[in-house]
Amino acid sequence: MGLRRRRWILLPVALGLLLVATTASVSSGWPQQAAPVPFKAQDEDRERYQRPSDVLKALELSRGDWVADVGAGNGYYAQHMADLVGPTGKVFAEDIADYAIDFLHQRVKMFDLRNVEVAKGTDDDPKLPANSLAAVLVMNTYHHFSRYEPMLEQILKALKPGGRLVIGDYSLPDHRSQSRADQLKIHEIDPERVRAELGRAGYQIVRCEDPFLKRMSELKMGDRIAEADMWLMVAVKPE
Ligand SMILES: C[S@@+](CC[C@H](N)C(=O)[O-])C[C@H]1O[C@@H](n2cnc3c(N)ncnc32)[C@H](O)[C@@H]1O
């Protein structure tokens with residue numbers, strides 16, 4: 001069989017495999033495998049179920065800022081932050097999971113993100129440069145912080161005075177009387193608990209929108225929003 005004819009036969013097979021892989025990754029929620037990365041499918045729905053434009057606005061980024069996306073996952077927010085801080089700025093796209101670090105490297109390569117540095121942290125230290133960040137985003141990740149005290153301490157150290165910490169996460173009012181550990185098990189965290197944790201760590205709370213988005217139980221795929229309301233908190237490192 002000629003090479004050209006074989007290519008035409010293989011093309012639909014390759015497209016089919018890509019579609020199956022993409023659908024499988026998206027319908028199971030957060031993708032757990034490293035390839036292929038369903039960037040498009042992950043991104044298109046976000047405005048509806050996470051209001052990323054408003055999340056990014058809350059960071060109040062300027063050109064040239066150094067910033068971090070802690071628990072960056074596949075790097076959706078890190079990429080938008082990179083766009084907002086521009087070529088003279090820098091984004092630390094940090095995560096602790098190897099599969100996320102793979103996603104982040106793939107995204108950096110695919111979109112040629114020269115102002116994004118992929119950083120591997122640990123569950124008690126995001127390993128960010130001290131006293132240098134204008135803003136840090138922790139989106140849908142705080143509910144993973146079992147060691148929240150050292151994490152908050154390290155993020156505070158990394159922020160410049162006046163720097164902002166924006167946290168978005170999920171919680172249903174009915175679940176808020178549960179212990180911290182029990183809430184973490186269902187991937188939720190009460191914003192009032194987080195407010196107190198931030199206060200004890202030395203942050204000043206600027207505002208908390210609760211709910212930032214009401215639960216959308218009709219969603220069968222997407223993100224945590226099918227199970228819980230989303231809240232958004234903004235805090236600063238005191239000057
Ligand atoms: C649900 S994903 C959210 C990803 C991304 N923020 C987003 O909204 O698309 C949570 C991410 O947090 C990461 N993670 C969990 N604990 C962490 C920690 N202590 N520090 C940094 N990342 C963490 C996980 O590996 C995972 O990639």
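Throughout, residue positions are numbered sequentially from 1 according to the sequence presented. Values below: all heavy atoms of this structure, side chains included; hydrogens, waters and symmetry mates excluded. All ligand and atom numbering here is 1-based and tracks the order in the structure.
Interface of T141 with ligand 1, defined as ligand atoms under 4.0 Å from a residue heavy atom, comprises 3 (C), 6 (N), 10 (C), 11 (C), 12 (O), 14 (N), 23 (C). Here is the list of ligand 1 atoms found below 4.0 Å of a heavy atom in G73: 4 (C), 27 (O). Near E94, with a cut-off below 4.0 Å to any heavy atom, the atoms of ligand 1 are 21 (C). Against a heavy-atom cut-off of under 4.0 Å, M139 is close to the following atoms of ligand 1: 3 (C), 5 (C), 6 (N), 8 (O).
At least one N/O-N/O distance between G71 and ligand 1 falls below 3.5 Å. Between R46 and ligand 1, a contact under 3.5 Å exists for at least one N or O pair. For N74, no nitrogen or oxygen atom sits less than 3.5 Å from a nitrogen or oxygen atom of ligand 1, counting backbone and side chain alike.
When non-hydrogen atoms are compared, ligand 1 lies under 4.0 Å from the backbone of A72 (N, CA, C, O) but not from its side chain. Looking at R147 against ligand 1, nothing comes within 4.0 Å, counting heavy atoms.
In plain terms, the two heavy atoms of G71 and D95 that are nearest each other are C-OD2, 3.3 Å.
Of the N and O atoms on the side chains of S171 and Q183, not one donor lies less than 3.5 Å from an acceptor on the other residue.
For F145, the closest heavy-atom approach to ligand 1 falls below 4.0 Å.
The existence of a salt bridge linking E197 and R180 is confirmed by a sub-4.0 Å separation between a basic side-chain nitrogen and an acidic carboxylate oxygen. Salt bridge annotation for R176-D210: present, with a cationic side-chain nitrogen under 4.0 angstrom from a carboxylate oxygen. Between D229 and R215, no side-chain nitrogen of the basic residue sits less than 4.0 Å from a carboxylate oxygen of the acidic one, so the salt-bridge criterion is not met. A salt bridge is absent between R195 and D190: the closest approach of a Lys/Arg side-chain nitrogen to an acidic carboxylate oxygen does not fall below 4.0 angstrom.
E94 is not listed as a side-chain neighbour of T141, based on a closest heavy-atom distance of 4.5 Å or more.
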